[in-house]
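To start, the structure under review is shown below, and the notes come after it.
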Amino acid sequence: MPSPSSPSSPSSPSSPSSRSVVAGVDGSAESLAAAEWAAAEARRRALPLRIVHIGQDRAPSLVRPPMTGAAPASAGAVLTRRRPGRVPREVAERLRRAAPGLDVAVEQGPGRPARALLRSARDAEVLVLGSRGLGAVGGLLAGSVSLPVIAHAPCPVVVVRARAAAWPPPGPAGDVPGAAGDVSGAAGGAVPGGGEVVLGLDLARPSDALVGYAFDAAASRGAALRVVHGWSAGAGHGGSGSASAAPGPGGGPSRPGTPPLTGVLRPWRDMYAEVPVAEQCVVGSPGEHLAEAARGASLLVVGRRVRHAALGAHIGPVAHAVLRHCAAPVAVVPHA
């Protein structure tokens, strides 16, 4: 991801890359939505798509694909109970038919889903998973699978719910709906017209990786970017003590001792001059404010600090809250 101090990087969509977009599927409607979202992202980034299927198919007898827009002729078909291995191949074939030219590969193998997905994430540009919410049980949707993957993946992880899928995927790089302001075909936008990208930012620890991902996501969709900074009025820098709200840019509150939001964003706004940016500073629960701000959004972007512990599934309270309550696709970006 480019940064204000470096004009390009190997992970930038405009740079040559041997990486890919990876989608985990298990036959559920939510994982099919994740595959559709991943296909759109792969075409937007001009990268290959890998469909990763782990273990036995867990599709119910009848699962209707969650198509939300103009769909290929086979969209009305149902996925019936089938032998192991059929689901990922049929998903891949459907994506190839809907998006000619998309390079789609299928990976399948036994093993614990979380470990297999983390292996696939090592050379992924982004990993995409489906979810009903963190309370779901069974399959790739379960918190016992998704949370460890989000907590330890070296790349951004996007979590998609079925109603957030978009179809068909946008065209290849340079032919992406939304490039001229029409984002109705952009992935992750179930709301007509697409929707803005929303970034949750902690001004106490602003991350270039996080901010860069959000600006790049907005630019690639032809969307506006809303940057939300929230903090609890009764919590200080370390999460205890007290702090009073002081007027910030635009009359919003700003945590004492942190840089102004406008100053943090200035180099990024200069780099992505085509992206309209709205700044929103709020007091209260960041997770609640972000879930509210992301209503109708095409993507919500939050960060998680990289932890080097081999065990645990700690992703931080804000990421955990938005994954539980936000209906929009959520990108969790690891950063130092």
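We use all heavy atoms of the structure for the numbers below, so side chains are in, but hydrogens, waters and symmetry mates are not.
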Strictly distance-based, threshold 3.5 Å: is any side-chain N or O of Arg221 a donor or acceptor partner for the main-chain N or O of Ala217?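 Yes; at least one donor-acceptor contact below 3.5 Å.
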
**Asked** Would you say the side-chain atoms of His314 pair up with the backbone N or O of Ala151, donor to acceptor, closer than 3.5 Å?
**Response**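 It does not hold such a pair.
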
Using a 4.5 Å cut-off on heavy atoms from C-beta on, say whether the side chain of [Y] contacts that of [X].
X: Cys155; Y: Val126; value: no
X: Glu93; Y: Glu90; value: no
X: Val275; Y: Val197; value: no
X: His229; Y: Val264; value: no
X: Tyr272; Y: Val277; value: no
X: Arg44; Y: Glu41; value: yes
X: His53; Y: Val106; value: no
X: Glu30; Y: Ser131; value: no

Mind checking the [atom1]-[atom2] spacing from [X] to [Y]? Nearest 0.5 Å is all I need.
X: Arg43; Y: Asp103; atom1: CZ; atom2: CG; answer: 11.5 Å
X: Gln280; Y: Leu290; atom1: CD; atom2: CG; answer: 8.5 Å
X: His335; Y: Asp208; atom1: NE2; atom2: CG; answer: 11.0 Å
X: Ser31; Y: Leu129; atom1: OG; atom2: CG; answer: 9.5 Å
X: Arg304; Y: Ile150; atom1: CZ; atom2: CD1; answer: 9.0 Å
X: Glu107; Y: Ser120; atom1: CD; atom2: OG; answer: 5.0 Å

Point to revise | side chain to side chain contact (heavy atoms under 4.5 Å, CB included) partners for Arg122, two or more places apart | key: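 Residues passing side chain to side chain contact (heavy atoms under 4.5 Å, CB included) with Arg122: Arg119.
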
[X] to [Y] - nearest heavy-atom pair and separation:
X: Ala39; Y: Leu95; answer: CB-CD2, 3.8 Å
X: Leu201; Y: Ser207; answer: CD1-N, 4.5 Å
X: Arg45; Y: Asp216; answer: NH2-OD2, 4.0 Å
X: Ala328; Y: Ala297; answer: CB-O, 3.7 Å
X: Ala35; Y: Ile51; answer: CB-CD1, 4.2 Å
X: Ala34; Y: Ala23; answer: O-CB, 4.3 Å

task = Identify which one of Leu210, Val228, Leu300 satisfies the side chain to side chain contact (heavy atoms under 4.5 Å, CB included) criterion when paired with Leu199.
result =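 Output: one option passes, namely Leu210.
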
Pairing of Asp202 and Arg305 as salt bridge, 4.0 angstrom limit: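 No salt bridge links Asp202 with Arg305.
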
>> Among residues at least two apart in sequence or on other chains, which ones pass salt bridge (charged side-chain N to carboxylate O under 4.0 Å, His left out) with Glu292?
In response: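 For Glu292, the residues satisfying salt bridge (charged side-chain N to carboxylate O under 4.0 Å, His left out) (neighbours in sequence not counted) are Arg295.
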
| request: State which residues pass salt bridge (charged side-chain N to carboxylate O under 4.0 Å, His left out) with Arg226; sequence neighbours excluded, sorted by chain then number. | output: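 In terms of salt bridge (charged side-chain N to carboxylate O under 4.0 Å, His left out), with neighbours along the sequence ignored, Arg226 is linked to Glu196.
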
